[in-house]
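Counting convention: from 1, in listed order, for ligands and their atoms alike.
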Amino acid sequence: MEIPMPAPICLIENSPAGELRVQQKALKVLAAISQPVVVVAIAGLYRTGKSYLMNKLASKRTGFSLGSTIQSHTKGIWMWCLPHPCRAGHTLVLLDTEGLGDVEKGNTKNDTWIFALAVLLSSTLVYNSRGTIDQQVMEQLHYVTELTERIKVKLVAEGSREDKKVKPVGEGGRGGKKAKLVDQGGRGGKKAKLVDQGGRGGKKVKPAGEGCRQEEEDSAEFVRFFPAFVWAVRDFVLQLVLDGREITEDEYLENALKLKRGNSKQNQCYNLPRKCIRQFFPARKCFVFVQPAGRRDLPRLEELQEDELDSEFQEQVVLFCHHVWETSKPKTIPGGHMVTGAMLGNLAVTYVDAIRSGAVPCMESAVLALAQIENSAAVGEAVAVYEEQLERRAALPTETVQELLDLHAQCEQEALRAFMAHTFKDDDRRFQGELMRRLEEQKQELCRRNEVASSERCKAALLELSDELDDRIGEGVYSVPGGYQRFLDDRQRMVDRYRQVPGKGVKAEELLQEFLQSKAAVAQSILQTDEALTEKEKEMAAERARAEAAEREQQVLKQKEAELQQKLEDQDRSYQENLRQLETKLEDERKKLLEEQGKMLDQKLKEQEAMLQQGFKEMAQMLGEEIADLRKEITDSKGQELLNMAKVLAKTLTIAYDAFVRDDGDAHPPPSRSQAGERTGRRV
Ligand SMILES: Nc1nc2c(ncn2[C@@H]2O[C@H](COP(=O)(O)OP(=O)(O)OP(=O)(O)O)[C@@H](O)[C@H]2O)c(=O)[nH]1
Ligand SMILES: [Mg+2]
């Protein structure tokens with residue numbers, strides 16, 4: 001497959017003043033990617049071989065730029081989009097980030113933002129470090145502990161945020177003390193502080209955005225948004241042996257993440273980053289790498305051929321790359337909705353905008369902002385699908401209105417399918433309502449076009465067929481005794497031939513009726529001048545002509561009524577189709593949510609067991625509380641769904657009703673809301 005990007009480009013620029021800016025060129029590239037993306041980001045201290053390892057994930061010798069001096073090289077966040085090597089139909093997005101802890105830069109706050117963005121944008125985060133996973137490396141991981149200050153998970157309505165726990169960070173003090181968010185002051189000037197009651201000192205959490213909603217975080221929630229975690233240990237020189245037993249790389253990492261018992265301040269400091277990693281990244285993996293080449297070759301690694309690299313390093317790289325390619329999941333947002341390249345670009349913009357404005361990026365609000373953009377696009381796309389399907393299927397005029405409505409129904413079904421595939425978090429069904437309205441407009445327009453096409457055909461046929469009759473009238477063929485009967489016979493022949501003309505469409509009878517009406521005066525005059533008929537016979541013939549005309553008029557009216565009824569029934573069908581597809585989607589979402597919750601539950605149970613085994617009863621107990629919460633959530637997702645569904649359905653019906661009231665216009669007064677309910681057999 002063709003590689004869409006020959007080389008990486010900058011996604012987020014980080015100016016020397018520490019100002020972040022998303023690059024338009026990169027957004028353009030992302031906007032063109034409609035495939036789901038697997039996003040692998042790398043972060044870690046500067047000059048530790050991150051860019052080099054990312055090139056391995058791209059299966060390229062060069063790409064992300066390497067520096068060979070001691071000065072930090074990568075600035076901001078760079079992006080490389082490639083066809084995914086294992087997942088067909090997916091794009092692999094590699095994000096190489098600016099190294100952390102550059103002494104020359106000396107801006108740890110900016111570093112933390114870079115790290116937070118890597119976490120927020122990726123589905124797999126590779127944390128890169130050099131040497132061993134020792135205490136010093138752990139301490140450098142303060143970026144992880146600071147995530148709770150840098151990111152908010154949820155938008156919480158004001159007034160509902162009393163005394164919420166931020167679970168792992170402060171825990172560990174005497175007697176299982178918990179960190180709390182404490183409100184300082186009243187409504188206007190609220191300042192949330194993360195107060196560690198275990199003695200680590202107050203950590204500030206920025207006050208939530210102004211307005212009637214307030215944001216707060218609950219670190220246990222982070223897991224839903226956070227990527228899988230892979231720790232890459234470079235230039236690893238030790239033997240993987242513990243207490244005389246060979247251990248795996250993962251065991252090595254887990255051992256390094258073990259907590260220390262006891263509540264001394266020292267132990268708390270020791271435990272803090274470990275707890276954060278354990279909590280935020282329950283899915284963890286570790287890979288160690290030996291030095292790739294001899295010391296002299298290190299600055300020019302890019303120039304070396306594969307076989308010039310250390311063979312053990314090569315093997316380790318192969319294992320690492322295969323793990324990342326094969327296990328990294330497509331980026332999703334909570335609820336399991338897949339993120340496309342275009343959505344990733346929008347997420348980057350939302351987060352960077354929040355950071356630039358001095359706010360704390362909130363994941364939930366980013367998802368909601370994304371939903372607005374995506375849902376709006378989903379409506380447009382669905383209408384395009386409708387038009388395209390119509391273009392493919394429609395041969396106007398159709399013979400009957402029902403045929404046209406069936407055609408509309410097929411196109412609408414496809415359009416709805418396209419909409420349902422892309423929409424998410426359209427909780428108030430605003431966008432679905434909008435789509436229903438737009439499709440109803442399309443239907444009206446389709447009916448109009450169908451009628452125009454039919455009228456044109458009918459008029460053309462009548463013009464052609466009536467030529468002979470008109471000529472004969474002009475020539476006075478019927479102005480003779482017995483002419484009226486001849487006229488009637490010729491006219492009937494013409495009508496018979498007209499009826500045999502195929503493809504006249506829905507207006508056939510109406511236009512015939514109009515035509516015959518237009519000839520009524522001529523017929524009357526022929527009748528009156530026909531000397532073969534008595535006055536009485538003329539009267540009877542005139543009466544018959546009037547009755548026939550009235551009968552035809554009646555037929556046309558009946559047909560119109562039947563068509564109106566069919567159109568009303570089609571509105572019901574449309575309600576039902578909307579509801580059916582919505583139900584299917586909600587059921588799918590519910591399954592995904594339950595799957596997500598189930599996975600979280602497994603991870604928490606595993607962590608709880610590990611804590612119990614290591615003797616951390618309080619931690620285990622706290623996890624127990626989280627597990628209970630989660631179990632309740634799962635029960636709710638299972639049970640309440642039916643209730644929600646009923647509410648959603650009622651709402652959708654109302655929206656649908658409103659749309660039809662508007663579109664039906666004055667010509668055919670719409671049924672009342674309850675009538676709509678009766679017709680559909682559903683409660684409104
Ligand atoms: N010792 C050692 N050097 C490496 C390794 N991988 C790459 N290098 C070399 O280290 C230097 C820096 O590599 P980069 O990949 O640019 O490191 P980085 O982490 O991206 O650096 P920044 O972008 O500045 O944060 C280059 O000269 C590489 O050739 C490795 O595994 N071990
Ligand atoms: Mg780099």
Side-chain angles (χ1 to χ4, degrees), residues 7-16 18 20 26 40-80 93-108 110-118 121-122 125-133 137 140-141 143 230-238 249 286-306 308-321 324:
I9 57 173
C10 181
L11 171 64
I12 299 172
E13 185 198 52
N14 190 12
S15 77
L20 301 169
V40 181
I42 194 161
L45 289 199
Y46 76 120
R47 315 310 293 138
T48 49
K50 297 184 294 302
S51 302
Y52 180 69
L53 191 61
M54 285 309 252
N55 287 339
K56 297 283 175 205
L57 280 178
S59 305
K60 296 278 166 198
R61 197 149 51 87
T62 57
F64 288 111
S65 169
L66 273 52
S68 53
T69 70
I70 51 156
Q71 281 187 307
S72 73
H73 190 76
T74 307
K75 297 290 172 209
I77 298 181
W78 284 67
M79 169 186 94
W80 203 356
V93 179
L94 300 174
L95 297 181
D96 184 22
T97 67
E98 176 168 332
L100 309 167
D102 176 9
V103 277
E104 267 184 41
K105 181 169 109 177
N107 184 346
T108 51
N110 181 263
D111 277 353
T112 316
W113 283 131
I114 296 282
F115 184 75
L117 282 168
L121 296 175
S122 63
L125 177 73
V126 180
Y127 185 75
N128 195 62
S129 72
R130 196 173 262 179
T132 55
I133 305 181
V137 168
Q140 283 156 357
L141 260 174
Y143 303 105
V230 178
W231 197 317
V233 189
R234 314 289 288 277
D235 293 359
F236 188 75
V237 286
L238 303 176
E249 289 146 307
C286 179
F287 286 89
V288 299
F289 301 82
V290 296
Q291 193 169 297
R295 210 169 59 81
R296 279 163 167 241
D297 284 331
L298 287 177
R300 51 171 214 102
L301 277 183
E302 279 179 309
E303 296 158 27
L304 300 187
Q305 296 298 322
E306 278 295 296
E308 291 176 85
L309 295 171
D310 183 292
S311 61
E312 198 177 349
F313 178 80
Q314 285 177 51
E315 283 165 24
Q316 288 162 335
V317 166
V318 168
L319 287 175
F320 166 78
C321 288
V324 172

- [ ] Return the minimal non-hydrogen interatomic distance between Lys50 and Leu45, and the atom names on each side.
- [x] NZ-O, 2.8 Å
- [ ] Can you sort out which atoms of ligand 1 are near Ser72, meaning under 4.0 Å from one of its heavy atoms?
- [x] 24 (O)
Task: Closest protein heavy atom (residue, atom, distance) for atom 15 (O) of ligand 1 - done: Tyr52 N, 2.9 Å
Task: CD-CG distance between Glu302 and Asp297, expressed to the nearest 0.5 angstrom - done: 13.0 Å
Task: For Thr74, atoms of ligand 1 separated by under 4.0 Å from a heavy atom - done: 22 (P), 23 (O), 24 (O)
Task: Enumerated ligand 1 atoms positioned under 4.0 Å from heavy atoms of Leu298 - done: 1 (N), 2 (C), 3 (N), 9 (C), 27 (O), 28 (C), 29 (O)
Open item on the list: Leu121 vs Ile12, test: side chain to side chain contact (heavy atoms under 4.5 Å, CB included). Steps then yes/no.
Closed with: CA-CA 12 Å; Leu121 296 175; Ile12 299 172; 4.2 Å; yes
Task: Asp235 N/O under 3.5 Å from ligand 1 N/O - done: yes
Open item on the list: Using 0.5 Å steps for rounding, measure from the CG atom of Asn14 to the CD1 atom of Ile114.
Closed with: 4.5 Å
Task: Between Phe236 and Phe289, ring centroids under 6.0 Å - done: no
Open item on the list: Just to confirm my output: which protein heavy-atom neighbour is closest to atom 24 (O) of ligand 1, and how far is it?
Closed with: His73 N, 2.6 Å
Task: His73/Ser65 under side-chain hydrogen bond (donor to acceptor under 3.5 Å, both in side chains): CA gap, chis, key distance, verdict - done: CA-CA 8 Å; His73 190 76; Ser65 169; 2.5 Å; yes
Open item on the list: Before we go on, tell me: are the rings of Phe64 and Trp80 under 6.0 Å apart, centre to centre?
Closed with: yes
- [ ] Any atoms of ligand 1 less than 4.0 Å from a non-hydrogen atom of Gly99? List them with their elements.
- [x] 25 (O)
Task: Arg234/Leu53 under side chain to side chain contact (heavy atoms under 4.5 Å, CB included): CA gap, chis, key distance, verdict - done: CA-CA 10 Å; Arg234 314 289 288 277; Leu53 191 61; 3.6 Å; yes
Open item on the list: Tell me the protein heavy atom at minimum distance from atom 30 (C) of ligand 1, and give that distance in Å.
Closed with: Pro292 CD, 3.4 Å
Task: Flag side-chain contact, heavy atom, 4.5 Å: Leu117 against Leu95 - done: no
- [ ] Could you find the nearest protein heavy atom to atom 8 (N) of ligand 1 and give me its residue, atom name and distance?
- [x] Leu301 CD1, 3.5 Å
Open item on the list: Using side-chain heavy atoms (C-beta onward) and a distance below 4.5 Å, is Leu94 in contact with Met79?
Closed with: no
Open item on the list: Suppose we measure from atom 20 (O) of ligand 1 to each protein heavy atom; which comes out shortest, and what is that distance?
Closed with: Ser51 OG, 2.8 Å
TODO: Around atom 26 (C) of ligand 1, find the nearest protein heavy atom and jot down its residue, atom name and distance.
DONE: Gly67 O, 3.0 Å
Task: Ionic contact status for Asp111 with Lys105, cut-off 4.0 Å - done: yes
- [ ] Say whether Arg130 and ligand 1 are in contact under the criterion: heavy-atom distance to a ligand atom below 4.0 Å.
- [x] yes
Task: Shortest non-hydrogen contact from Thr112 toward Thr108 - done: OG1-O, 2.7 Å
Task: Numbered atoms and elements of ligand 1 in range of Tyr46, under 4.0 angstrom, heavy atoms - done: 25 (O)
Task: the Mg ion (ligand 2) neighbourhood, protein N/O/S only, threshold under 2.8 Å - done: Ser51 OG, Thr74 OG1
Task: Part of Arg234 with heavy atoms under 4.0 Å of ligand 1, whether side chain, backbone, both or neither - done: side chain
Task: Straight-line distance of Asp102 CG to Asn107 CG, nearest 0.5 Å - done: 10.0 Å
Task: Which residue and heavy atom of the protein sit nearest atom 14 (P) of ligand 1, plus the separation - done: Gly49 CA, 3.7 Å
Open item on the list: How far is atom 18 (P) of ligand 1 from the closest protein heavy atom, and which atom is that?
Closed with: Lys50 N, 3.5 Å
Task: salt_bridge(Glu306, Arg61) N-O dist < 4.0 Å - done: no
TODO: Evaluate the side-chain proximity of Thr74 to Thr97: yes if any heavy-atom separation is below 4.5 Å, no if none is.
DONE: no
Open item on the list: For ligand 1, which is the ligand I care about here, please tell me if Thr48 has any N or O atom under 3.5 Å from one of the ligand's N or O atoms.
Closed with: yes
Task: Under 3.5 Å: N/O of Arg47 near N/O of ligand 1 - done: yes
